[in-house]
Protein chains: 2
Amino acid sequence: MKRSKKERQQQLIHTIKNNPFITDDALANLFTVSVQTVRLDRLELSIPELRERIKHVASKSFEDEVRSLPLSDVIGEMVDIELDERAISIFDVKSEHIFQRNQIARGHHLFAQANSLAVAVINDELALTVKSTLSFVKPVKLGDRVIAKAFVTRKDQEKNRTFVEVTSTVENEIVFEGQFEMFRANEASKGELK
Amino acid sequence: MKRSKKERQQQLIHTIKNNPFITDDALANLFTVSVQTVRLDRLELSIPELRERIKHVASKSFEDEVRSLPLSDVIGEMVDIELDERAISIFDVKSEHIFQRNQIARGHHLFAQANSLAVAVINDELALTVKSTLSFVKPVKLGDRVIAKAFVTRKDQEKNRTFVEVTSTVENEIVFEGQFEMFRANEASKGELK
DNA sequence: CTGATAATAGTACCAAGTGCTAATATCGGA
DNA sequence: TCCGATATTAGCACTTGGTACTATTATCAG
């Protein structure tokens with residue numbers, strides 16, 4: 001018992017969290033205990049085996065037909081998407097997102113969530129933001145769960161533009177609004193961008 | 001030979017592509033061939049086994065997840081500042097800032113640089129973005145050095161608002177412009193924000 | 001000192017493979 | 001029609017990273 005069971009289990013949780021790809025064997029070495037001990041720990045903490053962990057990580061990102069952009073490029077967690085129509089993502093405000101002084105989320109995270117959602121909702125190989133107008137309606141605090149909803153409002157086929165409106169709420173209260181004018185590369189315009 | 005080897009292999013590629021979670025066994029059933037045939041096919045097409053496929057999908061998404069975190073501190077290096085007047089920062093576009101597909105910098109990093117500069121230039125305890133209008137003039141690429149310059153254009157003492165204009169350039173060419181309306185908490189208004 | 005808790009050891013088993021050899025099909029051309 | 005090439009199937013040993021279970025040994029605390 002290096003530092004008691006509890007302490008080890010806390011470390012185990014932490015270690016696996018930021019490296020789900022580690023095997024029991026490696027964990028046993030890390031904590032200088034036997035593999036069986038690691039397994040008992042996982043059992044108690046109901047942490048699934050390596051393969052299941054990996055599968056979980058993988059399927060989270062693979063879920064549904066997010067073809068336009070790999071889900072990975074989205075800030076926040078995508079919960080719903082209908083390409084070229086709408087998309088919803090969730091973003092939990094953690095300590096790394098706030099100003100330490102006042103616990104208020106820094107604006108660029110809200111923008112990042114909204115902007116990446118605007119990119120993701122577009123059903124095309126390439127989507128870039130051209131212009132946008134933002135309104136930070138209400139400060140967002142540590143621990144808040146921000147739900148961003150994006151709607152495609154208009155498409156201009158000739159100019160390859162798509163207009164997306166994003167509204168972010170915390171407990172049904174609007175905290176952020178943004179209009180995004182997006183450039184999209186459809187088949188015809190591929191390769192035009194230098 | 002239901003439809004020739006080639007045809008089956010094409011289908012195999014397709015099937016695995018949009019469901020990397022399928023086992024050889026399931027594939028064998030699907031094409032009504034033996035498991036061995038599926039394995040030979042994978043071998044010829046150099047498609048890795050199920051576990052490796054899943055691992056690949058997982059690590060791709062995991063890397064991006066990790067990558068999106070350090071957004072908090074990497075917002076450029078301040079090189080000059082005159083409080084309530086102007087500020088300049090430099091931001092080098094690295095691989096973690098771009099879309100892998102086209103090497104173009106993700107918009108929120110440009111916004112983050114500009115926005116944090118707008119916050120920094122304000123000589124007050126608290127500064128928050130209220131509204132902003134952005135224009136992504138030209139795509140920024142991997143390796144580019146973005147120089148953002150912020151100017152305070154106007155102050156509205158009564159409403160506690162400060163207006164900041166930010167222009168970002170790469171090799172003297174404008175790539176981004178933004179107008180920011182900032183809320184500031186001066187002595188008089190401290191604690192008003194709930 | 002004795003129980004309880006914790007840790008270790010060992011066994012059988014599983015899924016989803018790889019790598020290999022060997023036996024059959026099946027087809028297409030001389 | 002028969003022959004050889006290609007394609008397919010079968011079988012076996014072995015691998016990883018586990019589960020599930022039992023048995024033994026430490027270790028600590030009252």
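Per chain, numbering begins at 1; letters A, B, ... match sequence-line order. Note that the structure is a prediction, hence the values are computed from the model and not measured.
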Stepwise side chain to side chain contact (heavy atoms under 4.5 Å, CB included) check, B:Q157 with B:N160: CA-CA 5 Å; B:Q157 297 289 3; B:N160 297 313; 5.9 Å; no
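Listed pair A:S34 / C:dA7 fails the phosphate criterion, with no side-chain N or O lying under 4.0 Å from OP1 or OP2. Distances shown here put every side-chain N or O of B:T23 at or beyond 4.0 Å from the OP1 or OP2 atom of C:dA16.
Between C:dT8, D:dT9, D:dT8, one nucleotide has an atom nearer to the side chain of B:R8 than all others, and that is D:dT8. Among the nucleotides D:dT8, D:dT19, C:dT8, the one closest to any side-chain atom of B:K5 is D:dT8. Taking only side-chain atoms of A:V33, from C-beta outward, the nucleotide of C:dG17, D:dT8, C:dT8 with the closest atom is C:dT8. Closest contact between the side chain of A:D24 and the listed nucleotides D:dA7, D:dT19, C:dG17 involves D:dT19.
A:E181 and A:S132 are not linked by any side-chain donor-acceptor pair at a separation below 3.5 angstrom, with hydrogens and angles left out of the test. A:Q113 and A:S89 are linked by a side-chain donor-acceptor pair at a separation below 3.5 angstrom, with hydrogens and angles left out of the test.
Per the geometry, CZ belonging to B:R51 stands 4 Å off C1' belonging to C:dA16, to the nearest Å. Atom CD1 of B:I22 is separated from atom P of C:dA16 by 12 Å (rounded to the nearest Å). For the pair A:K55 NZ and C:dA16 P, the computed distance is 7 Å after rounding to whole Å.
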Could you go through residues 144-152 of chain A and list every donor-acceptor pair under 3.5 Å that involves a side-chain atom there, pairing it with any protein atom two or more places apart or in another chain?
unit_1	atom_1	unit_2	atom_2	d
A:D144	OD2	A:K141	N	2.8
A:R145	NE	A:D92	OD1	2.7
A:R145	NH2	A:D92	OD1	3.3
A:R145	NH2	A:D92	OD2	2.9

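Across its full length, the helix from C:dC1-D:dG30 to C:dA30-D:dT1 shows an angle of 0° between the axes of its 5 terminal pairs at either end, rounded to 10 degrees.
When side chains are defined from C-beta on, A:D24 counts as touching A:L27, because their heavy atoms get closer than 4.5 Å.
The residue from B:R39, B:K5, B:K6, B:R8 that alone fulfils the salt bridge (charged side-chain N to carboxylate O under 4.0 Å, His left out) condition with B:E44 is B:K5.
A salt bridge links A:R184 with A:D84: the distance from a Lys NZ or Arg NE/NH1/NH2 to an Asp or Glu carboxylate oxygen falls below 4.0 Å.
Classification of the A:F180-A:F111 ring pair by plane angle, with boundaries at 30° and 60°, yields tilted.
A heavy-atom distance below 4.0 Å to DNA chain D is reached by these residues of residues 40-50 of chain A, ordered by number: A:R42, A:E49, A:L50.
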